Amino acid sequence: MHARSRAALLLLLPLLAAVALGAACRPPVAALAAAPRWAAKHGLLNTHGAKVAWAWTSALFAAALLAAPRPPASLARYAAATLYWLALTRWLLGPPLLDRIFVLSGGRCHAGQPLAAASLRECRAAGGSWAGGHDVSGHCFLLIHSALFLAEEAVVPLLAAARRAPPALAAARRAVLAAVLAVICAWVAILYATARYYHGAAELLSGTAAGVAFWLAFYCSGLAGV
């Protein structure tokens, strides 16, 4: 594991700790509906912090590139990470991988009665909701995947570049770095809420594994070429 991935590993630890702590503090089933306002599905933290996490990732990556320019290979790594996100959550020759897992494990779309829907998006468009099956935690996947990508492609490069820059440019780089870390801190809180109120242990574990998988296979193996 190279130095950049060791730094990413340090950032991964609080993300994993948030999932573990949330799962450990999970209330009884009867109390799950009583999630506090900050952790609500329709709250600002979820709708503007988690649901659009890859948009945040893309914007912060672009800001990091402007503040500390790097070779074009960084764009290729961003494209690979984006394709991985798309395949798991948006489209994979039809329904995305996470939806396929849900259906193959016995899950169905219901709206009073079973509906024919191959993806969560189709189900919600029909006014239904997922029931049954293994619902891989999309929040765990997306937030961990996003945070590890930013660790490799924003945090480490910005730290290195800030040390050898003129004062004004160093300040700009530190400002972008602070924004990246602030967003990741918000994601830590969201992961805690996800683990405490919305998913069982198996779903958290599979979501976390999916979030770490790209980083392990692409960066830690040396495939990324950094």
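Computation of the quantities below employed the complete heavy-atom set of this structure, encompassing side-chain atoms and omitting hydrogens, waters and symmetry-equivalent molecules. Being a predicted model, the structure only gives us computed values, none of them experimental.
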Say whether Ser58 and Tyr78, considering side chains only, have a donor N or O and an acceptor N or O under 3.5 Å apart. yes

Do Phe214 and Ile144 have side chains that get closer than 4.5 Å, going by heavy atoms? no

Residues forming a side chain to side chain donor-acceptor pair (under 3.5 Å) with Trp54, sequence neighbours excluded: Thr82

Counting only N and O atoms by type, is there a donor-acceptor contact under 3.5 Å from the side chain of Trp85 to the main-chain atoms of Arg90? no

Nearest heavy-atom contact between Pro157 and Ala151 is CD-O, 4.3 Å

Without swapping roles, check the side chain of Arg26 against the backbone of His199 for a donor-acceptor pair under 3.5 Å. yes

Treating Ile, Leu, Val, Met, Phe, Trp and Tyr as nodes and any side-chain heavy-atom pair under 4.5 angstrom as an edge, say whether Leu65 and Leu177 lie in one connected cluster. yes

How does the hydrophobic cluster around Leu93 look, that is, which other residues are in it when side-chain heavy atoms under 4.5 Å mark a link? Trp91

Hey, could you give me the CG/OG1 distance between Leu15 and Thr208, rounded to the nearest 0.5 Å? 9.0 Å

With a 4.5 Å limit on heavy-atom distance, are the side chains of Leu60 and Val183 in contact? yes

From Glu203 CD over to Phe102 CZ, what is the distance, rounded to the nearest 0.5 angstrom? 8.5 Å

Do Leu142 and Ile101 land in one hydrophobic cluster if side-chain heavy atoms of ILVMFWY residues count as linked below 4.5 Å? yes

Is there a side-chain contact between Leu66 and Val176 (heavy atoms, below 4.5 Å)? no

Parallel under 30°, tilted from 30 to 60°, perpendicular over 60°: which one fits the rings of Tyr84 and Phe141? perpendicular

Taking every non-hydrogen atom, the tightest pair across Ser137 and Thr194: OG-CG2, 3.6 Å

Taking the side chain as everything from C-beta on, heavy atoms only, tell me whether Leu11 gets closer than 4.5 Å to Leu148. no

Answer yes or no: is there a donor N or O on one side and an acceptor on the other, between the side chain of Ser74 and the main chain of Pro71, under 3.5 Å? yes

Taking Arg173 for the side chain and Ala67 for the main chain, is one N or O donor matched with an acceptor at less than 3.5 Å? yes

On a heavy-atom basis, the closest approach of Leu88 and Ala210 is CD2-CB, 3.9 Å

Minimum-distance pair of heavy atoms, taken over all atoms of Phe61 and Leu150: N-CD2, 4.1 Å

Checking the side chain of Trp187 only, and the main-chain atoms of Gly49 only, is there a donor and an acceptor separated by less than 3.5 Å? yes

Restricting to non-hydrogen atoms, name the atom on Ala64 and the atom on Leu158 that form the minimum distance, rounded to 0.1 Å. CB-CD1, 4.0 Å

Just by modelled atom types, is the Glu153 backbone N or O under 3.5 Å from a matching donor or acceptor in the Arg70 side chain? yes

Are the side chains of Tyr219 and Arg77 in touch, meaning some heavy atoms are under 4.5 Å apart? yes

